[in-house]
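Okay, structure first, notes after.
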Amino acid sequence: MPENDKAPLWRRLRRRLPIDADALGSLRRPSFIYLLAQQFVSLAATFAISFASVAKVIESTGSGVQTAFTILSVAVPGLLFGLLGGVTVDRVSRRTILIITNVMRGLLAITAPLYFHLLPEQGLFWTILIVNFLLSAVGQFNFPAEAAMIPYLVTSEELLAANSVFNVSYLAAIGFGSVVWGPLSVRFFGVEWAYFGSGILLFLSLIALRRIPKDPAPRERMLRRSRYARLRHVATLVADIREGMLFAIRNSAVSVAILALISQTALALGMVAVFPVVMSSRFGIAIYNLPLLALPGAVGAGIGLLILLSPLGNRAPRPRLVVIGNGLITLGLLGLTLSLTVTDWGVTGILGSFPLIGTGFVMAYISGKSILQEEPPDYLRGRVISLQLTLNNVASLLPTVVAGWGLDTLGASAVFWAATVTFGLLVILTGVWVRRFSS
C-alpha cells in the first residue's frame with residue numbers, strides 16, 4: 001500500500017482540494033485557535049441580538065422606517081466611538097480590551113428579560129434602540145482589538161493565511177448568529193430570551209480569552225511636558241487619528257479596500273431594512289424562516305472560500321480580488337432585483353441570485369479585510385481598522401434611512417433598482433482605481 005494511503009482520511013481529502021497547504025498553518029497555533037473560538041462565540045451572539053431586534057420590530061410594526069432606525073441603533077455608535085476605539089486598541093492590551101468588553105456586553109444582554117418585562121409594551125421599540133446602541137458602543141472597542149491581536153499569535157510567514165482564516169471565521173459567526181442561533185432563539189423562546197442566550201455566549205467567550213497570552217504593551221507616544229495635561233492628551237488623540245487617516249489615504253490598496261467594504265456595508269444594511277419586510281408582506285414568509293433563503297448564499301460563500309484558499313487565490317493581488325468579488329455581488333443583486341420587480345421568477349429567482357452574492361461577498365470581504373490587516377504597520381493597525389468601521393457607519397446612515405423610507409413611499413422596485421445601479425457604479429470606480437495604481 002502506498003505511504004500516502006496510510007494518512008488519515010482528512011489529510012488525504014485536504015490534498016485533493018485546491019487549497020494551499022500553508023493556508024492552514026496558523027491552525028496549529030493554540031492561541032490563535034482560542035482567538036477564533038472567542039471571536040466566533042461573541043460575534044454569533046452579537047448578530048443573534050441584531051436579528052432578534054429587527055424581527056421584533058418587523059413583527060410589531062411592519063414599517064421599513066422603524067426597521068431602518070433599529071439597524072441604525074447599531075451603526076451610529078461606530079460613528080461616535082469608532083475612531084476612539086482604534087486609538088485605545090493601539091495603546092492598551094488587546095486581550096484586556098476583549099475581556100472587559102465581552103463582560104460588559106454580556107451583562108447588558110443577559111439582563112434583557114428583566115427590563116423588557118418591566119417596561120410598558122409601547123416603550124419596547126425605544127428599549128431595543130437603547131440596548132442595541134449600548135451593545136454596539138462597547139463593541140467598537142472589541143472588533144478592532146481582535147483583528148489587531150493576530151500578529152502576536154502567529155509567525156510572520158503565517159500572517160497572510162491567518163488573516164484569511166480569521167475573516168472566514170468572522171463570516172461563519174455572522175451566518176451562525178443570523179441564520180441559526182438568532183432565528184431559533186426568537187422562534188422558540190422569544191426576543192428577550194434571544195438576548196439572554198446571547199449574553200450567556202458572551203460570558204462563555206471568556207473561557208477562550210483566559211487561555212490567550214497577554215499581548216505586549218503597545219507603543220507609547222512621547223509627550224512634551226505641559227501644564228495643560230488634558231489638552232495635551234486631546235491633541236495626542238487627534239494626532240493619532242490623523243496619522244491613521246493619512247496612512248489610509250496615501251496607501252492605494254487600503255483606500256480601495258475601505259471603499260469596497262463600506263459600499264458592501266451600506267448595501268447590506270439597506271437591504272436588511274427592506275428585504276425582510278418585502279418577503280414577509282409579498283410572500284408571507286415568517287421572519288424567523290427568512291434566513292433559510294440565504295442557504296444558497298452559503299454554497300456560494302463556500303465556492304468563494306475555495307477560490308481564496310487555492311494557490312491561484314493566494315497569488316492574485318488582493319485589490320483585484322476585491323473588485324471581482326464586488327462585481328459578482330452586482331450580478332447577483334441584478335438577478336435579485338429582476339426577480340422582485342420585473343419578471344415572475346419570484347422566490348426561485350431570489351434563490352438563484354444568492355450563490356453569486358455569497359461567492360462575491362466572501363471574495364471581496366475577506367480580501368479587503370486582509371488588506372487592512374496586512375498593509376498597516378503594527379502601531380497603526382488598530383486605527384486603520386477602526387477607521388474602516390467608522391466609515392462603514394457614516395456611509396450606511398443615509399442609505400439605510402432612505403431604503404426604509406423608499407420602501408414605505410415609493411415601493412420595493414425603486415429601492416432595489418437604486419441599490420443595484422449605485423453599487424454597480426462603485427464597482428466600476430474601484431475597478432478603474434485598481435487598474436491605475438497597478439499599472
Counting N and O atoms only, with roles assigned by atom type, does the side chain of [X] sit under 3.5 Å from a partner on the main chain of [Y], one being a donor and the other an acceptor?
X      : Y      : value
Ser353 : Leu336 : yes
Ser367 : Ala364 : no
Thr422 : Ala419 : no
Arg320 : Val434 : no
Ser255 : Ala248 : yes

Got a sec, which residues hit side-chain contact (heavy atoms from CB on, under 4.5 Å) with Ile110, two or more places apart in sequence or on another chain?
-> Phe196, Ile200, Phe203

Any side-chain heavy atom of [X] sitting closer than 4.5 Å to one from [Y]?
X      : Y      : result
Trp417 : Leu338 : yes
Phe361 : Leu328 : no
Ser185 : Tyr195 : no
Leu372 : Leu261 : yes
Leu209 : Leu206 : yes
Leu36  : Phe166 : yes
Thr430 : Val322 : no
Phe423 : Asn326 : yes

Show the numbers, then the answer: is there a side chain to side chain contact (heavy atoms under 4.5 Å, CB included) between Leu43 and Phe143?
-> CA-CA 9 Å; Leu43 198 63; Phe143 304 141; 4.0 Å; yes

Output the distance between atom [atom1] ([X]) and atom [atom2] ([Y]), rounded to the nearest 0.5 Å.
X      : Y      : atom1 : atom2 : value
Leu308 : Ile303 : CG    : CD1   : 12.5 Å
Leu321 : Ile371 : CG    : CD1   : 8.5 Å
Leu356 : Leu334 : CG    : CG    : 10.0 Å
Ile329 : Ile324 : CD1   : CD1   : 12.5 Å
Ile212 : Ile99  : CD1   : CD1   : 8.5 Å
Phe47  : Ile174 : CZ    : CD1   : 4.0 Å

Taking all heavy atoms of [X] and all of [Y], pick out the closest pair and write down the distance.
X      : Y      : value
Phe51  : Gly182 : CD2-C, 3.6 Å
Val254 : Val384 : CG1-CG1, 4.1 Å
Ala109 : Leu135 : N-CD2, 4.4 Å
Gly106 : Leu202 : N-CD1, 3.7 Å
Leu98  : Thr101 : O-OG1, 3.2 Å
Ser73  : Ser136 : O-CB, 4.4 Å

Between Arg436 and Val432, is a side chain to side chain contact (heavy atoms under 4.5 Å, CB included) present by the stated rule, with each step listed?
-> CA-CA 6 Å; Arg436 284 186 177 178; Val432 172; 3.9 Å; yes

The residue among Gln38, Gln39, Arg94 that forms side chain to side chain donor-acceptor pair (under 3.5 Å) with Glu146 is Gln38

Is the closest side-chain donor-acceptor distance between Thr46 and Arg105 under 3.5 Å?
-> yes

So with a 6.0 Å cut-off around CZ of Phe176, is the heavy-atom count from everything else above 12?
-> yes

Run the numbers on Ile100 and Phe141 for side chain to side chain contact (heavy atoms under 4.5 Å, CB included), then give the verdict.
-> CA-CA 10 Å; Ile100 292 174; Phe141 297 84; over 6 Å; no

Could you check whether the rings of Tyr170 and Tyr365 sit parallel, tilted or perpendicular, using 30° and 60° as the cut-offs?
-> parallel

Determine, stepwise, if the pair Ile128 / Phe133 fulfils side chain to side chain contact (heavy atoms under 4.5 Å, CB included).
-> CA-CA 8 Å; Ile128 289 174; Phe133 181 92; over 6 Å; no

